[in-house]
Amino acid sequence: MTQLVNALVQELRERELLLPIWGEGEKVVLLDQTRLPFKTVYLEIYTVVELCTAIKDMTIRGSGALGLAGAWGAYLASLKNDNLEAFQRDLAALKATRPTAVNLAKTVDEIGTDLDPRQFKEQVVQRLIDIVHRQLNFELALGEAGAALIHDGDTIMTHCHSGALAGAGYGGRALSVIRRAWEQGKKISVLVNETRPYLQGARITAWELKRLGIPFTLITDNMSGFCLEKGMVNLVVVGSDRVARNGDLANKIGTYLHALAAYDNNVPFYTATSSHTIDLNTPSGDTIPVEMRPAEEVLTLAGQPIAEPGTKALYPAFDITPHRLITGIITEKGVIYPPFEKNLVEIFG
Ligand SMILES: CSC[C@H]1O[C@H](OP(=O)(O)O)[C@H](O)[C@@H]1O
């Protein structure tokens with residue numbers, strides 16, 4: 001089994017991808033996203049318990065990468081467990097780590113359902129290989145679909161980090177669109193929201209765009225309204241953690257505010273997603289669980305306190321953008337326009 005996994009990773013390496021996670025023999029390796037952009041640190045993960053901790057600590061994060069973490073976690077679990085019940089317990093632990101992005105749960109369910117107790121190890125590896133290929137193909141296809149929305153000279157606003165390290169290694173969701181437009185020769189630039197408190201934008205989106213040679217400017221999250229009002233933005237493209245049946249979007253905290261300002265200034269607002277993040281079983285955004293993270297992550301910046309000792313803080317890690325504020329949903333099957341529920345069910349149902 002490990003030979004098949006090593007062959008998969010070798011193939012990925014030859015495609016010059018920026019991988020957030022991969023298997024190596026009997027272990028899984030993560031690029032530690034909490035250390036970027038100043039240090040490139042790789043973590044070796046040998047157990048599902050260690051992987052669950054890494055997911056909870058956001059050492060690996062980003063809905064697409066979380067989906068792959070579920071798949072690689074299932075691989076680890078299949079190495080460590082010889083019976084299906086113990087294997088399923090490990091999968092349940094993975095699924096419980098972060099609730100908002102639907103990808104982790106979907107992948108765990110996909111890999112862990114209808115397994116044959118006598119050959120589940122082989123089945124897991126084959127499903128892992130299929131999922132990695134599928135997620136990568138999604139990024140290439142949604143990138144192509146979304147790039148058609150971008151014109152020469154455009155400035156695109158992003159939020160959080162929705163790039164290769166949040167996905168399968170090409171460009172995740174939003175950066176797959178931007179990377180493809182750049183590859184097509186369009187002279188674009190990106191306005192990057194820093195995305196407090198984890199700073200996905202300042203630390204990871206900026207790092208990825210620099211590697212791609214794409215011009216960008218960093219702003220703090222509270223500057224987006226100014227930029228949108230002053231006509232500095234041609235379109236907004238954000239990632240996605242879950243798209244509900246009616247088109248409501250769960251994405252990084254702050255997305256809703258950018259969508260309101262874009263709507264108020266008639267700037268098109270798109271989310272880049274894939275069928276793996278569209279959840280037709282969730283009727284609307286108000287039924288999507290929003291992860292509440294430790295207040296400590298708001299009260300510190302790079303480990304240094306930034307508030308009066310004893311200050312209380314609140315950290316909803318996501319918000320819900322109502323579909324009425326969304327111009328279109330970029331997917332591997334093209335750009336979906338309103339009426340979202342009708343079109344999402346028709347195309348992905
Ligand atoms: C490929 S879209 C990634 C998506 O996930 C991020 O959340 P987190 O960093 O907390 O995992 C953010 O919502 C991005 O849009």
Side-chain angles (χ1 to χ4, degrees), residues 18-21 30-34 36 54-70 97-107 135-136 138-140 142-143 146 156-179 192-205 207-208 221 236-243 248-259 269-279 285 288-294 297-298 315-321 326 329-332:
L18 188 55
L19 300 176
I21 183 172
L30 302 180
L31 173 54
D32 183 345
Q33 298 190 34
T34 64
L36 292 174
I55 293 169
K56 286 175 189 169
D57 293 349
M58 295 177 69
T59 304
I60 180 170
R61 37 67 45 200
S63 55
L66 291 179
L68 293 177
T97 50
R98 293 190 73 197
T100 306
V102 71
N103 309 70
L104 182 52
K106 268 194 177 181
T107 303
Q135 295 307 108
L136 186 53
F138 280 173
E139 290 185 13
L140 297 171
L142 74 90
I156 306 102
M157 177 182 279
T158 65
H159 185 59
C160 195
H161 167 257
S162 173
L165 290 183
Y170 171 73
R173 278 55 176 276
L175 293 194
S176 287
V177 170
I178 290 168
R179 176 176 178 177
V192 176
N193 279 294
E194 65 172 1
T195 318
R196 275 268 293 149
Y198 184 95
L199 299 178
Q200 290 93 334
R203 296 191 303 105
I204 310 174
T205 298
W207 183 75
E208 268 191 41
D221 303 320
V236 181
V237 181
V238 298
S240 53
D241 290 87
R242 191 182 308 218
V243 177
D248 290 347
L249 168 68
N251 199 55
K252 184 51 47 197
I253 190 77
T255 301
Y256 175 37
L257 291 176
H258 301 320
F269 181 94
Y270 293 93
T271 179
T273 191
S274 74
S275 50
H276 201 248
T277 307
I278 294 167
D279 179 8
I288 297 174
V290 174
E291 176 188 10
M292 301 304 286
R293 291 194 64 85
E297 296 178 13
V298 172
Y315 185 4
F318 301 91
D319 60 23
I320 306 297
T321 298
I326 298 173
I329 301 173
I330 301 165
T331 78
E332 75 276 12

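Indexing begins at 1, ligand by ligand and atom by atom, following the structure's order.
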With a 4.0 Å cut-off on heavy atoms, is [X] touching ligand 1?
| X | answer |
| --- | --- |
| His159 | no |
| Cys160 | yes |
| Arg98 | yes |

Distance-only, no hydrogens or angles: does the [X] side chain make a donor-acceptor pair with backbone N or O of [Y] under 3.5 Å?
| X | Y | result |
| --- | --- | --- |
| Glu291 | Arg98 | no |
| Thr195 | Cys160 | yes |
| Arg203 | Leu36 | yes |
| Asp319 | Ile253 | no |
| Glu332 | Ser275 | yes |
| Gln135 | Ala168 | no |
| Thr271 | Gly239 | yes |

N/O to N/O below 3.5 Å, does that happen between [X] and ligand 1?
| X | result |
| --- | --- |
| His161 | no |
| Met58 | no |
| Asp241 | yes |
| Arg173 | no |

Which of the numbered atoms in ligand 1 are under 4.0 angstrom from any heavy atom belonging to [X]?
| X | result |
| --- | --- |
| Gly239 | 2 (S), 15 (O) |
| Ala166 | 1 (C), 3 (C) |
| Ser240 | 2 (S), 15 (O) |
| Gly62 | 3 (C), 5 (O), 8 (P), 11 (O) |
| Gln200 | 8 (P), 9 (O), 10 (O) |

message: Go through it in stages, so that I can follow the logic: the residues are Tyr198 and Gln33, the test is side chain to side chain contact (heavy atoms under 4.5 Å, CB included), and I'd like the CA-CA distance, side-chain angles, deciding distance and then a yes or no.
response: CA-CA 10 Å; Tyr198 184 95; Gln33 298 190 34; 3.7 Å; yes
Closest protein heavy atom to atom 15 (O) of ligand 1, given as residue, atom name and distance to 0.1 Å: Asn251 OD1, 2.6 Å
task: If you have a sec, work out which protein heavy atom is nearest atom 6 (C) of ligand 1 and how many Å separate them, to one decimal?
output: Arg61 NH2, 3.6 Å
- prompt: Just by distance, with hydrogens left out, do Asn103 and Thr277 show a side-chain donor and acceptor under 3.5 Å apart?
  reply: yes
query: Between Arg61 and Thr34, does any side-chain donor sit less than 3.5 Å from a side-chain acceptor?
result: no
Ala101, portion touching ligand 1 at heavy-atom distance under 4.0 Å: neither
message: I need the contact type for Phe318 against ligand 1. Using non-hydrogen atoms and a strict under-4.0 Å cut-off, is it side chain, backbone, both or neither?
response: side chain
field: Minimum non-hydrogen distance to atom 3 (C) of ligand 1, winning option of Gly163, Ser63, Ala164, Gly172
entry: Ser63
task: Using heavy-atom distances, let me know which of Ser162, Ala168, Ala272 sits nearest atom 2 (S) of ligand 1.
output: Ser162
message: Do the side chains of Arg196 and Asp221 get close enough for a salt bridge, i.e. N-O under 4.0 angstrom?
response: no
